[in-house]
Amino acid sequence: MSKLFDYVDANQKRFNSELFDLLRIPSVSTDSALKGDVRKAALFIEDRLKDAGMEEVRICETKGHPVVLAKHLKAGPDKPTVLIYGHYDVQPPDPLNLWTSPPFEPVEKDGKVYARGASDDKGQAYIHVKAIETWLKSGEELPVNVKVIIEGEEEIGSPNLVPFLEEHKEELSCDMVLVSDTAMFAKDTPSITYGLRGLAYMELEVFGPNRDLHSGVYGGAITNPLNALCEIVAKLKDESGRILIPGFYDDVIDLSEKERDAYSKLPFDEKGWLGSIGVTEAVGEEGYSTLERKSARPTLDMNGMWGGYQGEGAKTVLPAEAGAKISMRLVPNQHPDTISKLFQEYVEKIAPEGVKIKVTAHHGGHPAMTPLDFYGLKAAGKAYHDVYGKEPLFAREGGSIPIVADFEKVLGVNTILMGFGLNTDAIHSPNEHFSLEDFHRGIKTAARFLQVLPEFVK
Ligand code: BES
Ligand code: MN
Ligand code: MN
(Lines give C-alpha, C1' and ligand atoms only; values in the text may rest on other atoms or scores of the structure.)
(Ligands and ions follow the chains in the order given, each with its own letter.)
Protein backbone atom coordinates (compact mmCIF):
# COMPACT_ATOMS: atom_id res chain seq x y z
CA MET A 1 0.00 0.00 0.00
CA SER A 2 2.63 2.52 0.99
CA LYS A 3 4.67 1.81 -2.13
CA LEU A 4 1.65 2.77 -4.23
CA PHE A 5 0.88 5.83 -2.12
CA ASP A 6 4.53 6.91 -2.20
CA TYR A 7 4.48 6.78 -5.99
CA VAL A 8 1.35 8.95 -6.11
CA ASP A 9 2.91 11.46 -3.71
CA ALA A 10 6.20 11.55 -5.61
CA ASN A 11 4.49 12.17 -8.95
CA GLN A 12 1.78 14.57 -7.88
CA LYS A 13 3.20 17.59 -9.73
CA ARG A 14 3.54 15.70 -13.01
CA PHE A 15 0.05 14.19 -12.65
CA ASN A 16 -1.37 17.69 -12.20
CA SER A 17 0.46 19.10 -15.19
CA GLU A 18 -0.70 16.22 -17.39
CA LEU A 19 -4.29 16.84 -16.29
CA PHE A 20 -3.85 20.51 -17.19
CA ASP A 21 -2.66 19.45 -20.67
CA LEU A 22 -5.78 17.33 -21.12
CA LEU A 23 -7.96 20.22 -19.94
CA ARG A 24 -6.43 22.50 -22.57
CA ILE A 25 -8.05 20.42 -25.34
CA PRO A 26 -11.54 21.81 -26.09
CA SER A 27 -13.24 18.42 -26.57
CA VAL A 28 -16.84 19.66 -26.75
CA SER A 29 -18.68 16.68 -28.21
CA THR A 30 -21.77 18.59 -29.31
CA ASP A 31 -19.81 21.14 -31.37
CA SER A 32 -19.05 19.70 -34.81
CA ALA A 33 -16.47 22.44 -35.43
CA LEU A 34 -14.39 20.91 -32.61
CA LYS A 35 -14.41 17.34 -33.93
CA GLY A 36 -10.62 17.40 -34.36
CA ASP A 37 -10.12 18.54 -30.78
CA VAL A 38 -12.42 15.83 -29.46
CA ARG A 39 -10.21 13.33 -31.26
CA LYS A 40 -7.09 14.99 -29.85
CA ALA A 41 -8.37 14.30 -26.34
CA ALA A 42 -8.87 10.63 -27.25
CA LEU A 43 -5.33 10.41 -28.61
CA PHE A 44 -3.98 12.07 -25.47
CA ILE A 45 -5.66 9.45 -23.25
CA GLU A 46 -4.48 6.68 -25.57
CA ASP A 47 -0.87 7.86 -25.28
CA ARG A 48 -1.00 8.17 -21.51
CA LEU A 49 -2.46 4.65 -21.15
CA LYS A 50 0.36 3.39 -23.35
CA ASP A 51 2.93 5.27 -21.24
CA ALA A 52 1.38 3.68 -18.15
CA GLY A 53 2.38 0.32 -19.55
CA MET A 54 -0.96 -1.30 -20.30
CA GLU A 55 -0.76 -4.44 -22.44
CA GLU A 56 -3.10 -3.31 -25.16
CA VAL A 57 -4.31 0.21 -25.92
CA ARG A 58 -6.20 1.30 -29.00
CA ILE A 59 -8.60 3.84 -30.44
CA CYS A 60 -11.89 2.39 -31.69
CA GLU A 61 -13.72 4.37 -34.32
CA THR A 62 -17.49 4.78 -34.05
CA LYS A 63 -20.01 6.66 -36.17
CA GLY A 64 -19.29 9.59 -33.90
CA HIS A 65 -16.34 10.33 -31.62
CA PRO A 66 -13.83 7.55 -30.90
CA VAL A 67 -13.68 5.28 -27.86
CA VAL A 68 -10.35 4.63 -26.16
CA LEU A 69 -10.10 0.94 -25.24
CA ALA A 70 -7.33 -0.60 -23.15
CA LYS A 71 -6.69 -3.92 -21.42
CA HIS A 72 -4.26 -5.36 -18.94
CA LEU A 73 -5.11 -8.96 -18.11
CA LYS A 74 -1.96 -10.26 -16.51
CA ALA A 75 -3.64 -11.17 -13.20
CA GLY A 76 -5.17 -14.14 -14.97
CA PRO A 77 -8.61 -15.67 -15.38
CA ASP A 78 -9.07 -16.63 -11.72
CA LYS A 79 -8.83 -12.99 -10.65
CA PRO A 80 -11.66 -10.46 -10.99
CA THR A 81 -11.84 -8.15 -13.99
CA VAL A 82 -12.74 -4.49 -13.53
CA LEU A 83 -13.96 -2.40 -16.45
CA ILE A 84 -13.20 1.27 -15.86
CA TYR A 85 -15.44 3.75 -17.68
CA GLY A 86 -15.12 7.50 -18.09
CA HIS A 87 -15.68 10.24 -20.67
CA TYR A 88 -13.21 12.69 -22.16
CA ASP A 89 -15.83 14.88 -23.84
CA VAL A 90 -17.12 18.01 -22.12
CA GLN A 91 -20.09 20.35 -22.18
CA PRO A 92 -19.91 23.62 -24.14
CA PRO A 93 -18.29 26.35 -22.01
CA ASP A 94 -20.83 29.11 -22.63
CA PRO A 95 -21.74 31.63 -21.33
CA LEU A 96 -18.10 32.61 -21.76
CA ASN A 97 -18.40 36.04 -20.18
CA LEU A 98 -19.15 34.48 -16.79
CA TRP A 99 -15.83 32.61 -16.58
CA THR A 100 -13.19 34.32 -14.44
CA SER A 101 -10.47 32.59 -16.50
CA PRO A 102 -10.81 31.08 -19.99
CA PRO A 103 -12.45 27.60 -19.88
CA PHE A 104 -9.67 25.84 -21.77
CA GLU A 105 -6.77 27.56 -20.01
CA PRO A 106 -6.68 25.69 -16.70
CA VAL A 107 -5.53 27.67 -13.68
CA GLU A 108 -4.90 26.58 -10.13
CA LYS A 109 -6.56 28.64 -7.40
CA ASP A 110 -7.05 27.69 -3.73
CA GLY A 111 -6.07 24.09 -4.39
CA LYS A 112 -8.54 23.68 -7.24
CA VAL A 113 -8.10 23.53 -10.98
CA TYR A 114 -10.54 25.71 -12.94
CA ALA A 115 -11.43 24.56 -16.46
CA ARG A 116 -14.31 23.02 -18.42
CA GLY A 117 -14.19 19.28 -17.77
CA ALA A 118 -12.04 19.59 -14.63
CA SER A 119 -14.57 17.60 -12.61
CA ASP A 120 -16.91 16.29 -15.35
CA ASP A 121 -15.20 14.14 -16.32
CA LYS A 122 -11.59 14.63 -17.41
CA GLY A 123 -10.22 15.06 -13.90
CA GLN A 124 -12.13 12.06 -12.58
CA ALA A 125 -11.44 9.81 -15.58
CA TYR A 126 -7.75 10.70 -15.43
CA ILE A 127 -7.65 9.49 -11.82
CA HIS A 128 -7.89 5.95 -13.16
CA VAL A 129 -5.28 6.45 -15.86
CA LYS A 130 -2.86 7.53 -13.14
CA ALA A 131 -3.95 4.78 -10.72
CA ILE A 132 -3.10 2.21 -13.40
CA GLU A 133 0.25 3.90 -14.05
CA THR A 134 0.90 3.86 -10.30
CA TRP A 135 0.49 0.09 -10.26
CA LEU A 136 2.46 -0.66 -13.36
CA LYS A 137 5.34 1.75 -12.66
CA SER A 138 5.86 1.10 -9.00
CA GLY A 139 7.13 -2.33 -9.79
CA GLU A 140 4.19 -4.56 -8.94
CA GLU A 141 1.84 -6.47 -11.17
CA LEU A 142 -1.84 -5.54 -10.96
CA PRO A 143 -3.65 -8.02 -8.72
CA VAL A 144 -6.83 -7.82 -10.86
CA ASN A 145 -7.50 -7.65 -14.57
CA VAL A 146 -8.29 -4.19 -15.84
CA LYS A 147 -10.13 -3.03 -18.93
CA VAL A 148 -10.70 0.65 -19.73
CA ILE A 149 -13.17 2.42 -21.99
CA ILE A 150 -13.13 6.19 -22.11
CA GLU A 151 -15.67 7.60 -24.51
CA GLY A 152 -16.22 10.97 -26.18
CA GLU A 153 -20.00 11.18 -26.41
CA GLU A 154 -21.35 11.02 -22.86
CA GLU A 155 -22.50 14.63 -22.88
CA ILE A 156 -24.57 14.00 -26.01
CA GLY A 157 -26.24 10.87 -24.68
CA SER A 158 -23.68 8.19 -25.72
CA PRO A 159 -25.47 7.46 -29.03
CA ASN A 160 -22.75 5.10 -30.28
CA LEU A 161 -21.68 3.44 -27.07
CA VAL A 162 -24.54 0.93 -26.74
CA PRO A 163 -23.83 -0.51 -30.21
CA PHE A 164 -20.14 -0.47 -29.25
CA LEU A 165 -20.87 -2.47 -26.08
CA GLU A 166 -22.91 -4.96 -28.04
CA GLU A 167 -20.20 -5.39 -30.69
CA HIS A 168 -17.44 -5.76 -28.09
CA LYS A 169 -19.47 -7.75 -25.60
CA GLU A 170 -16.93 -10.58 -25.31
CA GLU A 171 -13.94 -8.29 -25.25
CA LEU A 172 -15.51 -6.14 -22.53
CA SER A 173 -16.66 -9.03 -20.35
CA CYS A 174 -15.93 -8.20 -16.71
CA ASP A 175 -17.07 -8.69 -13.13
CA MET A 176 -17.97 -5.07 -12.49
CA VAL A 177 -17.72 -1.56 -13.90
CA LEU A 178 -15.96 1.24 -12.01
CA VAL A 179 -16.92 4.84 -12.77
CA SER A 180 -15.75 8.15 -11.33
CA ASP A 181 -18.24 10.66 -12.74
CA THR A 182 -20.37 11.62 -9.73
CA ALA A 183 -20.01 13.80 -6.64
CA MET A 184 -19.19 13.09 -3.02
CA PHE A 185 -21.85 13.93 -0.47
CA ALA A 186 -19.76 16.80 0.89
CA LYS A 187 -16.16 17.87 1.19
CA ASP A 188 -13.99 15.27 2.94
CA THR A 189 -17.01 12.96 2.95
CA PRO A 190 -16.29 10.00 0.69
CA SER A 191 -19.50 8.64 -0.77
CA ILE A 192 -20.65 5.83 -2.96
CA THR A 193 -23.51 6.61 -5.29
CA TYR A 194 -25.79 3.58 -5.53
CA GLY A 195 -28.46 5.05 -7.79
CA LEU A 196 -28.69 7.41 -10.75
CA ARG A 197 -31.77 8.90 -12.32
CA GLY A 198 -32.74 8.31 -15.91
CA LEU A 199 -33.86 10.96 -18.36
CA ALA A 200 -36.56 11.69 -20.91
CA TYR A 201 -35.88 14.98 -22.72
CA MET A 202 -38.66 16.48 -24.80
CA GLU A 203 -39.02 19.39 -27.16
CA LEU A 204 -42.46 20.89 -27.53
CA GLU A 205 -43.24 23.25 -30.41
CA VAL A 206 -46.49 25.18 -30.81
CA PHE A 207 -47.47 26.66 -34.18
CA GLY A 208 -50.17 29.26 -34.78
CA PRO A 209 -50.65 31.85 -37.54
CA ASN A 210 -48.50 31.87 -40.67
CA ARG A 211 -46.58 34.95 -39.48
CA ASP A 212 -46.08 37.14 -36.41
CA LEU A 213 -49.12 39.38 -36.01
CA HIS A 214 -49.99 42.78 -34.57
CA SER A 215 -51.20 42.04 -31.04
CA GLY A 216 -53.81 44.77 -31.22
CA VAL A 217 -55.20 43.96 -34.64
CA TYR A 218 -55.43 40.18 -34.08
CA GLY A 219 -55.15 39.80 -30.29
CA GLY A 220 -58.14 38.20 -28.57
CA ALA A 221 -59.47 36.49 -31.67
CA ILE A 222 -56.99 33.65 -32.25
CA THR A 223 -54.96 31.28 -30.09
CA ASN A 224 -51.59 32.82 -29.33
CA PRO A 225 -49.02 29.98 -29.51
CA LEU A 226 -47.09 31.40 -26.57
CA ASN A 227 -50.23 31.55 -24.43
CA ALA A 228 -51.06 28.01 -25.55
CA LEU A 229 -47.60 26.83 -24.54
CA CYS A 230 -48.01 28.38 -21.10
CA GLU A 231 -51.43 26.74 -20.70
CA ILE A 232 -49.93 23.36 -21.54
CA VAL A 233 -46.98 23.84 -19.22
CA ALA A 234 -49.27 24.93 -16.38
CA LYS A 235 -51.10 21.61 -16.63
CA LEU A 236 -47.98 19.46 -16.35
CA LYS A 237 -47.75 19.70 -12.55
CA ASP A 238 -50.13 20.50 -9.74
CA GLU A 239 -49.57 22.74 -6.72
CA SER A 240 -48.22 19.93 -4.59
CA GLY A 241 -45.48 19.24 -7.12
CA ARG A 242 -47.10 16.07 -8.53
CA ILE A 243 -46.67 15.50 -12.23
CA LEU A 244 -50.10 15.31 -13.89
CA ILE A 245 -49.24 13.16 -16.90
CA PRO A 246 -51.55 10.13 -16.57
CA GLY A 247 -49.55 6.98 -15.83
CA PHE A 248 -46.36 8.93 -15.07
CA TYR A 249 -45.90 7.31 -11.65
CA ASP A 250 -47.20 3.84 -12.56
CA ASP A 251 -43.80 2.15 -12.75
CA VAL A 252 -42.04 4.13 -10.02
CA ILE A 253 -40.49 2.00 -7.29
CA ASP A 254 -40.97 3.95 -4.09
CA LEU A 255 -38.17 4.43 -1.62
CA SER A 256 -38.32 1.64 0.96
CA GLU A 257 -38.77 2.52 4.63
CA LYS A 258 -35.23 1.31 5.25
CA GLU A 259 -33.90 3.57 2.52
CA ARG A 260 -35.86 6.57 3.79
CA ASP A 261 -34.53 5.92 7.22
CA ALA A 262 -30.94 5.80 5.94
CA TYR A 263 -31.58 8.95 3.88
CA SER A 264 -32.85 10.84 6.92
CA LYS A 265 -29.57 10.10 8.71
CA LEU A 266 -27.33 11.50 5.96
CA PRO A 267 -25.50 14.65 7.08
CA PHE A 268 -27.22 16.92 4.56
CA ASP A 269 -26.59 20.60 5.23
CA GLU A 270 -29.74 21.99 3.62
CA LYS A 271 -29.04 25.60 4.62
CA GLY A 272 -25.53 25.45 3.21
CA TRP A 273 -26.81 23.81 0.08
CA LEU A 274 -29.43 26.54 -0.44
CA GLY A 275 -26.86 29.22 0.30
CA SER A 276 -24.43 27.83 -2.26
CA ILE A 277 -27.00 28.36 -5.03
CA GLY A 278 -28.44 31.62 -3.75
CA VAL A 279 -31.92 30.24 -3.00
CA THR A 280 -33.84 30.83 0.24
CA GLU A 281 -36.27 27.93 0.31
CA ALA A 282 -36.38 24.32 -0.83
CA VAL A 283 -39.57 23.53 -2.75
CA GLY A 284 -40.77 20.30 -4.33
CA GLU A 285 -43.07 17.31 -4.26
CA GLU A 286 -45.10 17.15 -1.07
CA GLY A 287 -44.24 14.39 1.35
CA TYR A 288 -40.57 14.07 0.45
CA SER A 289 -37.39 15.58 1.84
CA THR A 290 -35.13 17.79 -0.24
CA LEU A 291 -32.58 15.01 -0.52
CA GLU A 292 -35.24 12.55 -1.68
CA ARG A 293 -36.67 15.06 -4.14
CA LYS A 294 -33.33 15.76 -5.75
CA SER A 295 -32.12 12.21 -6.10
CA ALA A 296 -34.81 9.57 -5.65
CA ARG A 297 -38.02 11.12 -7.02
CA PRO A 298 -38.90 11.77 -10.66
CA THR A 299 -39.06 15.36 -11.91
CA LEU A 300 -40.35 17.53 -14.72
CA ASP A 301 -38.55 20.79 -15.47
CA MET A 302 -38.44 23.42 -18.18
CA ASN A 303 -34.89 23.72 -19.51
CA GLY A 304 -35.62 26.38 -22.09
CA MET A 305 -38.58 28.26 -23.53
CA TRP A 306 -38.92 30.66 -26.41
CA GLY A 307 -41.32 32.61 -28.57
CA GLY A 308 -42.15 36.22 -29.29
CA TYR A 309 -40.22 39.36 -28.73
CA GLN A 310 -37.12 39.17 -26.51
CA GLY A 311 -35.40 42.42 -27.48
CA GLU A 312 -35.20 45.75 -25.76
CA GLY A 313 -38.38 47.63 -24.96
CA ALA A 314 -41.83 46.55 -26.08
CA LYS A 315 -42.97 45.24 -29.41
CA THR A 316 -46.66 44.50 -29.78
CA VAL A 317 -46.65 41.14 -31.46
CA LEU A 318 -48.34 37.73 -31.37
CA PRO A 319 -45.65 35.18 -32.19
CA ALA A 320 -46.30 32.69 -34.96
CA GLU A 321 -44.71 29.96 -32.88
CA ALA A 322 -43.36 29.08 -29.46
CA GLY A 323 -41.46 26.20 -27.95
CA ALA A 324 -39.95 24.62 -24.89
CA LYS A 325 -37.37 22.04 -23.88
CA ILE A 326 -38.45 19.89 -20.97
CA SER A 327 -36.49 17.33 -18.99
CA MET A 328 -37.99 14.55 -16.92
CA ARG A 329 -35.61 12.78 -14.57
CA LEU A 330 -36.68 9.20 -14.02
CA VAL A 331 -36.28 6.72 -11.20
CA PRO A 332 -36.37 2.93 -11.19
CA ASN A 333 -38.46 1.38 -12.88
CA GLN A 334 -39.58 4.15 -15.24
CA HIS A 335 -38.77 3.65 -18.91
CA PRO A 336 -37.73 6.72 -20.94
CA ASP A 337 -39.67 5.60 -24.06
CA THR A 338 -42.85 4.96 -22.08
CA ILE A 339 -42.58 8.32 -20.35
CA SER A 340 -41.92 10.13 -23.66
CA LYS A 341 -45.02 8.50 -25.12
CA LEU A 342 -47.19 9.38 -22.10
CA PHE A 343 -45.92 12.97 -22.29
CA GLN A 344 -46.77 13.20 -25.98
CA GLU A 345 -50.28 11.74 -25.55
CA TYR A 346 -51.09 14.03 -22.64
CA VAL A 347 -49.79 17.18 -24.30
CA GLU A 348 -51.74 16.38 -27.46
CA LYS A 349 -54.86 15.94 -25.35
CA ILE A 350 -54.55 19.19 -23.42
CA ALA A 351 -53.30 21.42 -26.26
CA PRO A 352 -55.71 24.34 -26.75
CA GLU A 353 -57.70 24.63 -29.96
CA GLY A 354 -56.37 26.82 -32.74
CA VAL A 355 -52.71 25.74 -32.67
CA LYS A 356 -50.73 22.78 -33.96
CA ILE A 357 -48.17 21.14 -31.75
CA LYS A 358 -45.15 19.01 -32.41
CA VAL A 359 -43.49 16.86 -29.75
CA THR A 360 -39.97 15.51 -30.26
CA ALA A 361 -38.10 13.19 -27.90
CA HIS A 362 -34.39 13.91 -27.63
CA HIS A 363 -31.86 11.49 -26.15
CA GLY A 364 -32.86 9.82 -22.94
CA GLY A 365 -31.56 7.21 -20.57
CA HIS A 366 -32.57 4.58 -18.08
CA PRO A 367 -32.16 5.00 -14.33
CA ALA A 368 -29.73 2.64 -12.60
CA MET A 369 -29.21 1.12 -9.15
CA THR A 370 -26.38 -0.89 -7.63
CA PRO A 371 -27.47 -3.44 -5.00
CA LEU A 372 -26.09 -2.35 -1.62
CA ASP A 373 -24.85 -5.85 -0.83
CA PHE A 374 -22.65 -6.04 -3.94
CA TYR A 375 -19.17 -7.14 -2.84
CA GLY A 376 -17.48 -4.55 -5.05
CA LEU A 377 -19.00 -1.79 -2.90
CA LYS A 378 -17.40 -3.32 0.17
CA ALA A 379 -13.99 -3.26 -1.50
CA ALA A 380 -14.60 0.36 -2.51
CA GLY A 381 -15.54 1.14 1.10
CA LYS A 382 -12.25 -0.29 2.32
CA ALA A 383 -10.27 1.72 -0.24
CA TYR A 384 -12.01 4.95 0.79
CA HIS A 385 -11.41 4.18 4.42
CA ASP A 386 -7.69 3.67 3.85
CA VAL A 387 -7.29 6.98 2.02
CA TYR A 388 -9.87 9.33 3.53
CA GLY A 389 -9.80 7.75 7.00
CA LYS A 390 -13.60 7.40 6.93
CA GLU A 391 -16.19 4.92 5.78
CA PRO A 392 -18.09 6.20 2.73
CA LEU A 393 -21.74 7.23 2.86
CA PHE A 394 -24.29 5.70 0.52
CA ALA A 395 -26.62 8.01 -1.40
CA ARG A 396 -28.38 8.22 -4.74
CA GLU A 397 -27.68 11.04 -7.18
CA GLY A 398 -30.07 13.04 -9.29
CA GLY A 399 -27.91 13.21 -12.42
CA SER A 400 -27.79 10.61 -15.16
CA ILE A 401 -25.11 8.43 -16.72
CA PRO A 402 -27.33 6.49 -19.11
CA ILE A 403 -24.68 3.93 -20.07
CA VAL A 404 -24.64 2.53 -16.52
CA ALA A 405 -28.01 0.81 -17.12
CA ASP A 406 -26.62 -0.62 -20.35
CA PHE A 407 -23.62 -2.09 -18.55
CA GLU A 408 -26.09 -4.10 -16.55
CA LYS A 409 -28.26 -4.99 -19.54
CA VAL A 410 -25.52 -5.83 -22.05
CA LEU A 411 -22.63 -7.00 -19.87
CA GLY A 412 -24.73 -8.24 -16.94
CA VAL A 413 -22.68 -6.47 -14.27
CA ASN A 414 -23.05 -3.92 -11.47
CA THR A 415 -21.39 -0.53 -11.52
CA ILE A 416 -19.49 1.06 -8.65
CA LEU A 417 -19.92 4.84 -8.76
CA MET A 418 -16.81 6.06 -6.99
CA GLY A 419 -17.14 9.81 -7.39
CA PHE A 420 -14.55 12.34 -6.28
CA GLY A 421 -16.29 15.52 -7.41
CA LEU A 422 -18.38 17.88 -5.29
CA ASN A 423 -21.82 19.27 -6.06
CA THR A 424 -20.25 22.71 -5.81
CA ASP A 425 -17.80 21.96 -8.66
CA ALA A 426 -20.05 23.90 -11.08
CA ILE A 427 -20.16 21.12 -13.66
CA HIS A 428 -21.90 22.25 -16.88
CA SER A 429 -21.66 25.83 -15.51
CA PRO A 430 -19.12 28.63 -15.81
CA ASN A 431 -16.03 28.26 -13.60
CA GLU A 432 -16.13 24.48 -13.33
CA HIS A 433 -13.41 23.29 -10.99
CA PHE A 434 -12.04 20.21 -9.26
CA SER A 435 -10.10 19.88 -6.03
CA LEU A 436 -6.53 18.82 -6.70
CA GLU A 437 -6.47 17.22 -3.28
CA ASP A 438 -9.34 14.96 -4.33
CA PHE A 439 -7.62 14.30 -7.66
CA HIS A 440 -4.68 13.10 -5.60
CA ARG A 441 -6.75 11.16 -3.04
CA GLY A 442 -8.82 9.75 -5.90
CA ILE A 443 -5.73 8.24 -7.53
CA LYS A 444 -4.79 6.61 -4.23
CA THR A 445 -8.34 5.36 -3.61
CA ALA A 446 -8.60 3.90 -7.12
CA ALA A 447 -5.19 2.21 -6.79
CA ARG A 448 -6.07 0.86 -3.36
CA PHE A 449 -9.41 -0.45 -4.63
CA LEU A 450 -7.63 -2.59 -7.24
CA GLN A 451 -5.39 -3.89 -4.47
CA VAL A 452 -8.08 -4.90 -1.98
CA LEU A 453 -10.70 -6.16 -4.42
CA PRO A 454 -9.51 -9.81 -4.53
CA GLU A 455 -10.08 -10.11 -0.75
CA PHE A 456 -13.75 -9.32 -1.19
CA VAL A 457 -14.61 -11.64 -4.09
CA LYS A 458 -17.47 -13.92 -3.21
N1 BES B 1 -21.35 13.24 -14.79
C2 BES B 1 -22.63 13.69 -15.18
C3 BES B 1 -23.76 13.05 -14.42
C4 BES B 1 -23.77 13.26 -12.93
C5 BES B 1 -23.32 14.44 -12.36
C6 BES B 1 -24.25 12.28 -12.14
C7 BES B 1 -23.33 14.61 -11.01
C8 BES B 1 -24.29 12.45 -10.78
C9 BES B 1 -23.81 13.62 -10.22
C10 BES B 1 -22.81 13.42 -16.68
O11 BES B 1 -21.69 13.83 -17.41
C12 BES B 1 -23.98 14.21 -17.21
O13 BES B 1 -23.89 15.41 -17.25
N14 BES B 1 -25.05 13.53 -17.62
C15 BES B 1 -26.17 14.15 -18.25
C16 BES B 1 -26.93 13.14 -19.06
C17 BES B 1 -26.70 13.11 -20.50
C18 BES B 1 -27.67 12.22 -21.21
C19 BES B 1 -26.41 14.36 -21.21
C20 BES B 1 -27.16 14.71 -17.27
O21 BES B 1 -27.30 14.16 -16.16
O22 BES B 1 -27.80 15.69 -17.61
MN1 MN C 1 -19.94 13.19 -16.55
MN1 MN D 1 -21.85 16.05 -17.70
Side-chain angles (χ1 to χ4, degrees), residues 22-23 27-31 38 41 64-65 84-93 103 115-128 149-162 177-186 189 191-202 273 277 291 294-296 298-301 303-304 325-331 336 339-340 361-370 393-406 415-430 432-434 438 442:
L22 177 59
L23 291 170
S27 49
V28 180
S29 48
T30 194
D31 188 342
V38 178
H65 302 302
I84 294 165
Y85 163 84
H87 64 95
Y88 64 77
D89 66 320
V90 301
Q91 285 278 330
R116 169 58 83 232
S119 176
D120 184 12
D121 178 44
K122 284 173 171 173
Q124 297 206 58
Y126 208 61
I127 279 174
H128 296 280
I149 45 171
I150 303 190
E151 70 151 323
E153 298 193 318
E154 196 277 341
E155 299 292 7
I156 50 171
S158 304
N160 295 294
L161 197 61
V162 178
V177 178
L178 178 62
V179 179
S180 295
D181 192 21
T182 50
M184 300 192 286
F185 200 78
T189 310
S191 333
I192 290 175
T193 299
Y194 68 94
L196 289 168
R197 287 197 286 208
L199 176 66
Y201 196 107
M202 313 300 293
W273 177 77
I277 49 173
L291 215 49
K294 74 185 193 71
S295 64
T299 67
L300 184 151
D301 277 293
N303 289 232
K325 302 211 190 243
I326 298 166
S327 69
M328 291 171 281
R329 295 284 168 171
L330 312 178
V331 301
I339 294 297
S340 300
H362 289 289
H363 60 63
H366 290 265
M369 289 276 252
T370 305
L393 303 178
F394 288 85
R396 289 157 68 168
E397 283 251 38
S400 308
I401 310 175
I403 201 65
V404 170
D406 296 292
T415 294
I416 301 169
L417 296 161
M418 185 188 259
F420 297 103
L422 286 174
N423 280 321
T424 47
D425 284 349
I427 64 170
H428 296 205
S429 298
E432 177 176 351
H433 55 273
F434 184 41
D438 285 314

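As the structure lists them, so they are numbered: ligands from 1, and atoms in each ligand from 1. The figures here come from the full heavy-atom set of this structure, side chains too, leaving out hydrogens, waters and symmetry mates.
- With respect to atom 14 (N) of ligand 1, the closest heavy atom belonging to the protein is Ser400 O, 2.8 Å.
- In this structure, atom 19 (C) of ligand 1 lies nearest to the protein heavy atom Glu155 O, 3.7 Å.
- Atoms of ligand 1 lying under 4.0 Å from any heavy atom of Ile427, numbered from 1 in the order shown and given with element: 5 (C), 7 (C).
- By the salt bridge (Lys or Arg N to Asp or Glu O under 4.0 Å) test, Asp425 is found to be paired with no residue, residues two or more places apart in sequence or in another chain being considered.
- Ligand 1 places these atoms under 4.0 Å from at least one heavy atom of His87: 11 (O).
- The closest donor-acceptor contact from the side chain of Gln124 to the backbone of Phe420 lies under 3.5 Å.
- Each of the following atoms of ligand 1 lies closer than 4.0 Å to a heavy atom of His363: 18 (C), 19 (C).
- Distance from atom 4 (C) of ligand 1 to its nearest protein heavy atom, with residue and atom name: Asp181 O, 3.8 Å.
- The proximity of Ser158 to ligand 1, defined as any non-hydrogen pair under 4.0 Å, does not occur for either the backbone or the side chain.
- Of all the atoms in ligand 1, the ones that sit under 4.0 Å from a non-hydrogen atom of Pro402 are 18 (C).
- Every side-chain hydrogen bond (donor to acceptor under 3.5 Å, both in side chains) that Ser180 has, sequence neighbours left out, goes to His128.
- The residue from Asp121, Leu22, Leu23 that alone fulfils the side chain to side chain contact (heavy atoms under 4.5 Å, CB included) condition with Tyr126 is Leu22.
- Between the Glu155 side chain and the Thr30 main chain, no donor and acceptor come within less than 3.5 Å of each other.
- One finds the CD atom of Gln91 at 9.5 Å from the OG atom of Ser429 (value rounded to the nearest 0.5 Å).
- Closest to atom 20 (C) of ligand 1 by heavy atom, among Arg329, His362, Gln91, is Arg329.
- At a 4.0 Å cut-off, at least one heavy atom of Thr182 sits close enough to ligand 1 to count as contact.
- Taking distances strictly below 2.8 Å, the protein N/O/S atoms close to the Mn ion (ligand 3) are Asp120 OD2, Glu155 OE1, Glu155 OE2, His428 NE2.
- Of all protein heavy atoms, the one lying nearest to atom 11 (O) of ligand 1 is Glu154 OE1, 2.7 Å.
- Applying side chain to side chain contact (heavy atoms under 4.5 Å, CB included) to His87 and the options Ile150, Ile401, Asp181 leaves one that passes, Asp181.
- Considering CZ of Arg329 and OH of Tyr201, their distance stands at 9.5 Å, rounded to 0.5 Å.
- The ring pair (Phe, Tyr, Trp, His ring centres under 6.0 Å) search around His65 returns none, not counting sequence neighbours.
- Distance check: Met202 CE to Lys325 NZ gives 12.0 Å after rounding to the nearest 0.5 Å.
- Using a distance-only test at 3.5 Å, with no hydrogens or angles considered, no donor-acceptor pair links the side chain of Ser119 to the main chain of Ile427.
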